Amino acid sequence: SLSLSLSRKPVNMASFDHLFLAADSPAIATRPSIFNRTYLVDGTLREWTGPCEEVRSPILLRDGAATPHLGCYPMLSKDASLEALAAAVKAYDSGRGQWPTAPVSFRIAALERFLEGLRHERENIANILMWEICKPQPDALKEVDRTIKYIHDTIAALKTLENAQSTFVHDGGLVAQIRRAPYGVVLCVGPFNYPFNETYTTLIPALIMGNTVVMKLPRCGVLCHTPTLTLFRDCFPPGVVNVISGAGRETMPPLMASGKIDILAFIGTSKAADALQQAHPKPHRLRVCLGLEAKNPAIVCPDADLALAVREVIAGALTFNGQRCTAIKIVFVHQTLLEPFLQQLCAAVDALPMGLPWVPGTQITPLPEADKPAFLRALLDDALAKGAKVLNARGGQVDRTFVAPTIVYPVTPEMRLYHEEQFGPLVPVRAWSDQAEIFEYMASSPYGQQAAVFTHSAGALGPMVDVLVNQVSRVNINAQCQRGPDTFPFTGRKDSAYGTLSISDALRVFSMRTVVAAKDGAAAGSGLVAAVVADRTSNVLRMDYLF
């Protein structure tokens, strides 16, 4: 049993009013004002005359004053979304369009122009991320910087891939060149928590491989894309990039039901992904790349370095308020370390600075989803009703969009928090004494993205890794669960993902292998191919080198 003096029932509400924004704060002058009533279709920013959705910041004013108004965006209709799809279909033109048939160098040049424009929008986009989804300033800048690096590295990876393919294979009396070709029309759907970076991890490889795209913006995190609309219009041929916004249930099912989407790149919930796939009339022809839920465990072994484990668990569980698919979402602590681990964890969590995104050192910020505090409250109430306690002094406290990080112990299989992804600042903890319990949890979980193991014993770690790699896609040793670097494969098992995203893997996800073959040594075979290469009459059959 625990002797923690902090064990207690949480209060329902707290006052974090001092953390919110004063009405006369100079920071209000930095608030974005983006009243966007346009959407990008066929190379044109079309004016939307239908309903628009107001965007209000989760950064509230003190004393219950009005919520800061950031702008608005179009709530497009079914017909408007189908217009965007028609533009993408026309631009692809069954593989005959300018973009899919263009030289790779042409597509790279377009991405480089876009990249240059994006660099000029860095601070603007980061500021929007702070106000719209309350991402701390260092993380907001990092999200934009990481996206810029991702585009740069994707261009470099494509050059490497193309140069490796600039050769011919002689086998079985045939000569052949094997390359990768675009797949068709892609629907890219990004999440709210990394609305910029994660959207681009599918958008950029889809584009550079020669596909055309309809990009559906998330309803929370939509405004950060507004500065890029003119860049897309000016850097790409008409119809190659089409950008829509609005209610997902209104805009996306008609796109899928048309049967004209060739690849679905979706980051969200498995329930929504299933519904979209089922709406496609020919699902066997639909390629999917899915980033879905996770319930990543941290496993603290008897010989773990406590200070290291606490530090990494906090970073893994509470960075951006735990609103990451890669976040640590349950912590298994060996019984022998339970009390000192929890004491250190509670003290460190209660010391995390809460505040507004631009305040230096802030780690806990307001939650951007309007219904999230109530959802977290329901998970916590369910756990408390079934025997759990809140251990840290600040835990369980809620004031409007602020939810204090909360340590919950002990969590048991009867509790929702044991199984469900919380996607917020709740940290459930469970003691363990037999590894079999952890392995059974992993095997029975519907998720399988990552795990973090804290130990200094090679004898304990080796067998544990051998089991975990068959349950998750990444095992982190004495480190938090995370995505990156982007050269590493990012995927998952079961309901956590389908398809693999790294810089090089993504190029393959959004393309397919094609072979051009001819009889070796025949004038009408390899001789004709040689003439095509020499005369440069094809953008596919070639031997040039991309520098």
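Just so it is clear, the structure is predicted and the values come from calculations on it, not from any experiment. The residues of the chain are indexed from 1 along the displayed sequence. Values below: all heavy atoms of this structure, side chains included; hydrogens, waters and symmetry mates excluded.
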Can a donor-acceptor pair be found, under 3.5 Å and without considering hydrogens, that links the side chain of Asp17 to the backbone of Asp63?
yes
Could you go step by step and tell me if Phe402 and Phe20 meet the ring-ring contact (aromatic ring centres under 6.0 Å, His included) rule?
CA-CA 9 Å; Phe402 270 113; Phe20 287 113; 4.9 Å; yes
Side chain to side chain donor-acceptor pair (under 3.5 Å) between Trp358 and Thr30, worked out:
CA-CA 10 Å; Trp358 50 82; Thr30 69; over 6 Å; no
Under a plain distance cut-off of 3.5 Å, with no hydrogens placed, do Asn478 and Glu312 share a side-chain donor-acceptor pair?
no
For the residue pair Pro463 and Gly459, what are the closest heavy atoms and their distance?
CD-O, 3.0 Å
Over all atoms of both residues, closest heavy-atom pair of Arg430 and Thr412
NH1-CA, 3.5 Å
Verify whether one side chain among Thr455 and Asp303 offers a donor that lies under 3.5 Å from an acceptor in the other.
yes
Minimal non-hydrogen separation, Thr406 against Gly396, with atom names:
OG1-N, 2.7 Å
Does Asp486 form a salt bridge (Lys or Arg N to Asp or Glu O under 4.0 Å) with Lys149? I'd like the steps, not just the answer.
CA-CA 10 Å; Asp486 288 319; Lys149 185 177 187 301; over 6 Å; no
Is there a salt bridge (Lys or Arg N to Asp or Glu O under 4.0 Å) between Lys295 and Glu293? Walk through the geometry before answering.
CA-CA 7 Å; Lys295 190 74 174 177; Glu293 305 102 316; over 6 Å; no
Is the ring pair Tyr200/His225 parallel, tilted or perpendicular, if the boundaries are 30 and 60 degrees?
parallel
Kindly indicate whether a cation-pi arrangement holds for Lys135 with Phe196, taking the cut-offs as under 6.0 Å to the six-membered ring centre and within 45° of the axis.
no
Any side-chain heavy-atom pair from Phe454 and Cys301 closer than 4.5 angstrom?
no
Given Thr365, which of Asn321, Asp139, Thr401 fulfils the side chain to side chain donor-acceptor pair (under 3.5 Å) condition?
Asn321
Looking only at non-hydrogen atoms, find the nearest pair between Cys325 and Leu292 and report the distance.
CB-O, 3.9 Å
Quick one: does Tyr194's side chain have a donor or acceptor within less than 3.5 Å of a partner on Glu143's backbone?
no
Side-chain donor/acceptor of His280 to backbone N/O of Ile261, under 3.5 Å
yes
Can Gln449 and Asn296 be counted as having a side-chain donor-acceptor contact under 3.5 angstrom?
yes
Measure the acute angle between the ring planes of His334 and Trp432, then classify it against the limits of 30° and 60° as parallel, tilted or perpendicular.
perpendicular
Write down the atom of Ile59, the atom of Cys134, and the distance for their closest heavy-atom approach.
CG1-SG, 3.5 Å
Taking all atoms of both residues into account, what is the closest heavy-atom pair of Ile28 and Leu21, and its distance?
CG1-CD2, 3.5 Å
Above 12 or not: heavy atoms from other molecules or residues under 6.0 Å from NE2 of His456?
yes
Would you say that Phe423 contacts Asn193 through its side chain, given a criterion of any heavy-atom pair below 4.5 Å between the two side chains?
yes
Is there a salt bridge (Lys or Arg N to Asp or Glu O under 4.0 Å) between Lys386 and Asp382? Walk through the geometry before answering.
CA-CA 6 Å; Lys386 295 171 181 174; Asp382 173 77; 2.8 Å; yes
Tell me if the CZ atom of Arg62 is crowded by more than 12 foreign heavy atoms within 6.0 Å.
yes
Give a yes or no on this: more than 12 heavy atoms of other residues, nucleotides or ligands lie within 6.0 Å of atom OH of Tyr183.
yes
May I ask you to check if Lys389 and Tyr409 form a cation-pi contact, with NZ or CZ under 6.0 angstrom from the six-membered ring centre and within 45° of the axis?
no
What do the steps show when you test Asp145 against Arg122 for salt bridge (Lys or Arg N to Asp or Glu O under 4.0 Å), and what is the final call?
CA-CA 8 Å; Asp145 289 341; Arg122 173 181 181 263; 2.5 Å; yes
